Engineer: 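Structure in structure tokens, see below.
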Amino acid sequence: MKKNKHISSNSEVRLPNIEKLVAFVRDSKNSDFYRDAWVGAGNFSELPAIFRADFLRVPLSKRRYKNDKALVKIIHSDGEMFLSEWSFEDIGKEKFGLSSNRPMVYLTNSHEAMEKSMWCYENNMVPLVGEKDPNVAMFAAGKYKIDSLIADAESLPKLMPYLEKLGKKLLSISILGDHFNTLSLTSYLNFAEKVRLVLCLPEVGSFAELYLNYDSKFKALPDVILEDMNGFLSVTKNKKLVTPIVRYKTDILADVASVY
Amino acid sequence: MSEHRTLNRADIAKLNDKIFNNFISSVPNDASKYGIRITSGTSGGEPIMSVLEYGDKQFNKFGANKRIITCVGSRNAQLANVIHLRKQISDYAQRILLLEINNLADKLPRLLEDFSPEAIFGHPSFVSRLVKYFNTVAKKSLSTMRLAGERVTKLQESVFNSYLPKVRVSMHYAVNEVGLIGEQCVNLLINQYHPISGVNIEIVEKDATGAGDILISKKLAHNIFLEKYDIGDTGRFLPDVCACGERIIFEHLGRNGYDYVKIAGALVKQDELDRIMPPLLRFMDDYRVEVSEVLDEDKLKGKVVLRAFSNSGFPTRELIEEMTKDLSNCFYLTPTRTLADLVKDEEFVPLSIEFTSSPFPQKNKNSKLVQIIG
């Protein structure tokens, strides 16, 4: 179970056209994945939750709702593995980072590093993808004179020797993950004008963000509905993704009281 | 650049530095025309940063294949593959699955079946480990295997033939810091290439078999020409004219083994040997470290043998066993794993230390590291 700093649930707010997404998914000729789960359910509010276990159980080929040029990745989950597919256009529309001239992507997982690097390209930025070896990554960061960073909480400390020698702050550091120790991350404000925490899951993409020292709560990203389902966060993205995300229940606690 | 001097890595680093610094002095209007590439710095010196210029070139790296798997070591190389796919113009959907070594797990066959790949692009050492995860269903869709980045060993070739006999294997020859050098036509065998257009190959310091150091000359970028660059590999020309009409065929014989040897997904570095061997040198007058790939329990694994020459007697068996254990525990073959770790993970067979009273032949390049190619 993962705690996060004050996530605001906007379950009372409905995005326009959400029922259009539901109809698109329900009527799809490409897949029965959601249709089978939605038997008997009517509109959006009646739809049952979908879980990671469902993604594990159903092969990607049976939950593919569209055919576009795409990147496929392997997601490891408690000893199991499943495939997740994202079209390049959909990757570009995610909110993984902020615009800059010379971004660096430094993530623990190589699949995620590739996806976020392609996000940079789709948003007209030439990325530097950091190799696993932090010495090589830091060398490259210095040579490329990076001005922003997309990283995760596990990999970021490995870049400290580089960050501590920065003459000028980076424009932004976007830290991706499904849980954060917010207190320990505030120190990165020494190295960037903006430090942004982005809630995301590999199969869901990004769904909420928080700017350290500006926001007290995570805010749902555009086209995202966050709901509190029995104390856990459920995510719906109003987008026609390869595998759409509709009432995807996470193991992230929706109701978080304290800051770490 | 001097026309009479063989260029070395430091020269390439300077050339690439110039191109790279020029690139970062402004922001490109169209990011899709460029990529950043970095070598790992294994051949000595710092890593080399370079700029890949895609321009408006139309790519067709993956041909008509709709579902592609790539398995290469570095993230840079993986990203380049993804960009190639993104830039390929086709009227059908293509999808690419990037694999890492830690994806080679028991659950992988089901995922390969789900993905149903038509082609694999990757390094021979990685692909030779991947192929055993293809079950009968996953094999059905696979028709193409394209290898690069390393020389294919006979053992690897036999693994490909054994597991995927119906898959056509082709190769291309490239070096990180200078790009593509050679391609194959359908008539060539494994490790044989024609130089690509614009590349000139020379082979120097040949031995009796015609094998020698490969020097290349080509245009890098921005009207910067590379001349007589020693890429650190050995090769030889083949005398025949190819059935396709090409007059030049060269064979890649492998890395000269001086600085490092890539084996079974790990890297055996001379620098690392220089770090760990001194405490043992009092027991020997000279040594060689032989690195190879072997089939052990139906799995390709790395093998390291330390051969020690002593002209004043050998240590006891117990002492050798102790040396073996100590060396395995401190010998790093990846940034984070020792030989002992790799043996535990069943990626390498246990280290052997063998003493001999015969001195080793002294060659022009007295390398301690020897790759045994199967």
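Since this is a predicted model, take the numbers as computed values, not measurements. Labels below follow one simple rule: chain letters A, B, ... track the order of the sequence lines, proteins then strands, and each chain is numbered from 1.
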Engineer: Rounded at 0.5 Å granularity, tell me how far CZ in B:Arg75 sits from OH in A:Tyr106.
Structural biologist: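 Those atoms lie 7.0 Å apart.
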Engineer: Testing A:Asn67, A:Asp68, A:Leu83 one by one against B:Arg95 for a side chain to side chain contact (heavy atoms under 4.5 Å, CB included), which residue passes?
Structural biologist: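 One option only clears the test, and that one is A:Asn67.
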Engineer: Checking the side chain of A:Lys69 only, and the main-chain atoms of B:Ser90 only, is there a donor and an acceptor separated by less than 3.5 Å?
Structural biologist: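 Not at all, since once roles are kept as given, no pair shorter than 3.5 Å links the two residues.
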Engineer: Answer yes or no: are there more than 12 heavy-atom neighbours, outside A:Asp27 itself, under 6.0 Å from its atom CG?
Structural biologist: yes
Engineer: Return the option, out of A:Arg102, A:Arg64, A:Met118, A:Lys73, with the maximum number of heavy-atom pairs under 4.5 Å with chain B.
Structural biologist: A:Arg64
Engineer: Could you give me the CA-CA distance, side-chain angles and deciding distance for B:Leu85 and A:Leu71, then say whether side chain to side chain contact (heavy atoms under 4.5 Å, CB included) is met?
Structural biologist: CA-CA 9 Å; B:Leu85 182 82; A:Leu71 184 60; over 6 Å; no
Engineer: For the atom pair CD1 (A:Ile74) and CG (B:Leu97), what is the distance rounded to the nearest 0.5 Å?
Structural biologist: 5.0 Å
Engineer: Less than 4.5 Å to any heavy atom of chain B: does that hold for the side chain of A:Leu56, its backbone, both, or neither?
Structural biologist: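 Contact with chain B: backbone only.
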Engineer: Below 4.5 Å, heavy-atom pairs only: which of A:Lys145, A:Met125, A:Glu85 has the largest tally toward chain B?
Structural biologist: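 Heavy-atom pairs under 4.5 Å are most numerous for A:Glu85.
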Engineer: Output the option from B:Lys66, B:Arg86, B:Gln78 having the highest count of non-hydrogen pairs under 4.5 Å with chain A.
Structural biologist: B:Arg86
Engineer: In terms of heavy-atom contacts, does NZ of A:Lys194 have more than 12 from other residues, nucleotides or ligands at under 6.0 Å?
Structural biologist: no
Engineer: So which residue, A:Ala70, A:Gly130, A:Ser61, ends up with the most heavy-atom pairs under 4.5 Å with chain B?
Structural biologist: A:Ala70
Engineer: Under the 3.5 angstrom rule, does the side chain of B:Arg110 hit a backbone N or O of A:Met81 as a donor-acceptor pair?
Structural biologist: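 Yes, the answer is positive, given that a donor and an acceptor are paired below the 3.5 Å cut-off.
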Engineer: Name the option with the most non-hydrogen atom pairs under 4.5 Å to chain A; the candidates are B:Val27, B:Leu79, B:Asn29, B:Val82.
Structural biologist: B:Leu79
Engineer: Looking at B:Asn102, I want to see if its CG is surrounded by more than 12 non-hydrogen atoms of other residues, nucleotides or ligands under 6.0 Å.
Structural biologist: yes
Engineer: Measure across A:His111 and B:Asn103 and return the closest heavy-atom pair with its distance rounded to 0.1 Å.
Structural biologist: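 Smallest heavy-atom distance, with atoms named: NE2-OD1, 3.0 Å.
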Engineer: Is it true that, when you exclude A:Lys249 itself, more than 12 heavy atoms of the residues, nucleotides or ligands shown sit nearer than 6.0 Å to its NZ?
Structural biologist: yes
Engineer: Using non-hydrogen atoms and a 4.5 Å limit, figure out which bit of A:Ala113 sits close to chain B: side chain, backbone, both or neither.
Structural biologist: side chain
Engineer: Walk me through it: do A:Val72 and B:Ile96 pass the test side chain to side chain contact (heavy atoms under 4.5 Å, CB included)?
Structural biologist: CA-CA 6 Å; A:Val72 180; B:Ile96 187 167; over 6 Å; no
Engineer: What heavy-atom pair brings A:Pro127 and B:Ile36 nearest, and what distance separates the two atoms?
Structural biologist: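 For A:Pro127 versus B:Ile36, the nearest heavy atoms are O-CG1, 3.8 Å.
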Engineer: What I want to find out is whether B:Asp114 reaches A:Lys62 closely enough, with some N-O distance under 4.0 Å, to be called a salt bridge.
Structural biologist: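 A:Lys62 and B:Asp114: not salt-bridged.
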Engineer: With only heavy atoms counted, which part of B:Arg37 is less than 4.5 Å from chain A, the side chain, the backbone, both or neither?
Structural biologist: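 B:Arg37 has no heavy atom closer than 4.5 Å to chain A.
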Engineer: Can you tell me if A:Glu89 has over 12 outside heavy atoms packed within less than 6.0 Å of its CD?
Structural biologist: no
Engineer: Which region of A:Leu107, side chain (C-beta onward) or backbone (N, CA, C, O), has a non-hydrogen atom less than 4.5 Å from a non-hydrogen atom of chain B, or is it both or neither?
Structural biologist: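 Only the backbone of A:Leu107 comes within 4.5 Å of chain B.
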Engineer: Is B:Asp17 close to chain A through its backbone or its side chain, or both, or neither, when contacts mean heavy atoms under 4.5 Å?
Structural biologist: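 Side chain of B:Asp17 only, per the 4.5 Å heavy-atom cut-off to chain A.
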Engineer: Who among A:Glu131, A:Glu122, A:Lys132 has the most heavy-atom pairs with chain B under 4.5 Å?
Structural biologist: A:Glu131
Engineer: Closest approach of B:Ile24 and A:Lys143, non-hydrogen atoms and distance?
Structural biologist: CD1-O, 3.3 Å
Engineer: Just wondering, do A:His76 and B:Lys107 contact through their side chains at under 4.5 Å, heavy atoms?
Structural biologist: no
Engineer: Do B:Met49 and A:Leu128 pass the side chain to side chain contact (heavy atoms under 4.5 Å, CB included) test, and can you show the C-alpha distance, the side-chain angles, and the key distance before you say yes or no?
Structural biologist: CA-CA 10 Å; B:Met49 305 281 294; A:Leu128 168 68; 4.1 Å; yes
Engineer: Does NZ belonging to B:Lys299 count more than 12 external heavy atoms closer than 6.0 Å?
Structural biologist: yes
Engineer: A:Asn109 versus chain B, heavy atoms under 4.5 Å apart: side chain, backbone, both or neither?
Structural biologist: backbone
Engineer: Could you tell me how the ring of A:Tyr144 sits relative to the ring of B:Phe20: parallel (under 30°), tilted (30 to 60°) or perpendicular (over 60°)?
Structural biologist: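 Rings of A:Tyr144 and B:Phe20: tilted, 30 to 60°.
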Engineer: Quick check on B:Ile69 against chain A: is it the side chain, the backbone, both or neither that has a heavy atom closer than 4.5 Å?
Structural biologist: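 B:Ile69 has no heavy atom closer than 4.5 Å to chain A.
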